[in-house]
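These notes are about the structure you will find just below.
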Number of protein chains: 2
Amino acid sequence: MTRRLAEVAKKVGVSEATVSRVLNGKPGVSEATREAVLTALDVLGYERPTQLRGDRARLVGLVLPELQNPIFPAFAEVVGGALAQQGFTSLLCTRTVGGVSEADYVDLLLQQQVSGVVFAGGFYAQADAPHGHYELIQERKLPTVLVNAAVDHLGFPQVSSDDYVAAEMAIGHLRALGHRRIGMVLGPRDHIPSRRKLEAFMAAEEADPGLVEHTMFSLEGGHAAATKLVNSGVTGIVCASDILALGAIRAVRRAGLSVPDEVSVIGYDDSAMMNCTDPPLTTVRQPIDAMGRAAVDMLVALIERAVVPADELLFEPELVVRASTARARI
Amino acid sequence: MTRRLAEVAKKVGVSEATVSRVLNGKPGVSEATREAVLTALDVLGYERPTQLRGDRARLVGLVLPELQNPIFPAFAEVVGGALAQQGFTSLLCTRTVGGVSEADYVDLLLQQQVSGVVFAGGFYAQADAPHGHYELIQERKLPTVLVNAAVDHLGFPQVSSDDYVAAEMAIGHLRALGHRRIGMVLGPRDHIPSRRKLEAFMAAEEADPGLVEHTMFSLEGGHAAATKLVNSGVTGIVCASDILALGAIRAVRRAGLSVPDEVSVIGYDDSAMMNCTDPPLTTVRQPIDAMGRAAVDMLVALIERAVVPADELLFEPELVVRASTARARI
DNA sequence: CAAGTGCTTGCAAATTCTTGCGTGAATAGG
DNA sequence: CCTATTCACGCAAGAATTTGCAAGCACTTG
């Protein structure tokens, strides 16, 4: 009935093929014909068929594990801003304790016909967590980018900061200050970024596997883990997040020691306000600005059907020396 | 008999399936057909069965102005958790600098058929900001709850912490410590919670209107405002947010003075990590846990068609004395 | 608890658009 | 005047999208 392209073709007296070529800017159409088609297109008010995902919603899901650690809100702001610039709207999905799981959010996002998803700090980073929902995403060919180290077999493009180098920097900084007995507070054992940091730790000279503690990413976790390390006599503690580091500082003080005079503490992330803490926290900064932007660029490329290799893009972290680290006493 | 969806389908000359797809924003419908269906829907005054609307998505929008101030992520966690317990999923919408406005998010949420919306710190709190999108919500009768003081005429139920009392507490605390020259750093002039705090300030003894500064809610804003106040010789500064207070502390130190020995600073919110700052911040806590839960309860009641008065539920804040305030020197 | 109503959704058919290939016309060169 | 080359264009295969059918699901009703 409404053979729209065919109608235009008939009006101009050419074949559908020619009209199609004009619409797509393909060569092989004479200037006169092209113009005639263009005019008819205009007159008949032709609208190109909606390129489904591209034009429909322009929604992108951003899935985060929590909002307590300020790095995640900060990352959300970067990604949200970058997406907005490209004409996308971001939907922030945060796992809640008693409630919505990552898989639930994936279902939701698929149902809402989002154009793509950015995951940060999700289950993909934990070897023992369920990964079924990621397969679902792959089946549906939904453009997806992961932020920070993931388990191996997923095959999504990734944007990460280099955990190995970050741990090296932190340990190197402490060793340069004369620390020899250095402890590490990491996330769960199956957490890939923590594993990478552990590798760097084990590669360092005089590394003592007994001085590595695994815990949850919370202030209390950092406190508990650091208490054990302090009891083992460390003079320097490298933490896998700033929150852990704040917990560690509290633990050191509870033990009657001073930071940084007796024990140095290094965080990771450089989240907001870490320069307002007591003492201002020495930490390894994740370049979240660059990472967020890169993740969005990749995602948009995927959405536009470009071929993006499922590689991991590694970003170099940066040591930010403040006042929670000092020369070793002894 | 009254196959309502079928009726629309017949009128447009398509199948029920197509109408259903349009109603649910599913892909696979041409733009022309979609428009035709939408028109017919409008003409025939189709209303989707009430149950489907509530049951299908169980989505609630949570609209926040930013994520830099940790009070907003914290609030998002509370509300998200409370909603999850009630079987709702929250969609976090954050205004981004160059990008998506509050009105855009309202459009989006309406289009996504959310069951309700919670606004916190939105344009409703600013007298001079555009309010058109709130009217749109009222027209559509979308259940909505506002958090913290709003301009008068909107008529949504509200959950607020009592700004007047909060300011009284802060000022009372400083006066009890012997401070007489007290300054105040507030948000924009048209910001209702700031106005309420100003009222309390003006009602206090010896209040000097010259010691009130209005600024943006950012560390830099607090810094700038506090610098002026310090130059005016205040010994105590009451700030309208913790972030402003951190900026104020920085300003006091830049002026070569000490907090709290020479100038006392009080924040507002008691956001996370304010006990880790240097010095630990004395602040007035918003009971966000109770507020968030109350907001969700109200919203759920609204969604279930209960009658909820469009009142303002006032929550009592709480003074948390840490180490950024001390007895006045002189 | 079966039957019915109203809506949603998987699947396959129908429609619409894209593209490789070949034809024929116009032009140029021999 | 004949042949080679180029170029626009249509044909038709095939890729992609839209649409209806009918099964299925959630809920109500007899």
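Below, chain A is the first sequence line, B the second, and so on; all start at residue 1.
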Could you run down the sub-3.5 Å N/O contacts of the protein with nucleotides 25-28 of chain C?
none

Mind listing the N/O atom pairs, protein and nucleotides 19-21 of chain D, below 3.5 Å?
residue	atom	partner	partner atom	Å
D:dT19	OP1	B:S30	OG	3.4
D:dT19	OP1	B:T33	OG1	2.4
D:dT19	OP2	B:S30	N	3.0
D:dT19	OP2	B:T33	OG1	3.4
D:dG20	OP1	B:S15	N	3.4
D:dG20	OP2	B:S15	N	2.8
D:dG20	OP2	B:S15	OG	3.0
D:dG20	OP2	B:T18	OG1	2.6
D:dG20	N7	B:R21	NH2	2.9
D:dG20	O6	B:R21	NH1	3.4
D:dG20	O6	B:R21	NH2	3.2

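Using modelled atom types and a 3.5 Å distance limit, the side chains of B:Y134 and B:E102 yield a donor-acceptor pair. Under 3.5 Å, the side chains of B:Q286 and B:N148 contain a donor-acceptor pair of N or O atoms.
Within the structure, every side-chain polar atom (N or O) of A:K26 is placed at least 4.0 Å from both OP1 and OP2 of C:dT18. At the phosphate of C:dC7, OP1 or OP2 sits under 4.0 Å from a side-chain N or O atom of B:Y46.
The nearest whole Å value for the distance from the NZ atom in A:K10 to the P atom in D:dG10 is 15 Å. The CG atom of A:L23 sits 18 Å away from the P atom of D:dA16 (whole-angstrom rounding). The distance between atom CG of B:L5 and atom P of D:dC27, rounded to the nearest whole Å, is 17 Å. Atom CD of B:E31 is separated from atom P of C:dT15 by 21 Å (rounded to the nearest Å).
In this structure, B:R95 does not pair ionically with B:E66, as no charged nitrogen and carboxylate oxygen lie closer than 4.0 Å. The residues A:R293 and A:D289 are annotated as salt-bridged, a charged nitrogen and a carboxylate oxygen being separated by less than 4.0 angstrom. Note on A:K11 versus A:E16: no salt bridge recorded, every NZ/NE/NH1/NH2 to OD/OE distance being 4.0 Å or above.
Note that OH of A:Y105 is 4.0 Å distant from OG of B:S90, once rounded to the nearest 0.5 Å. Distance check: B:L62 CG to B:T89 OG1 gives 13.0 Å after rounding to the nearest 0.5 Å.
Among B:V118, B:V159, B:V117, the single residue meeting the side chain to side chain contact (heavy atoms under 4.5 Å, CB included) criterion with B:L299 is B:V118.
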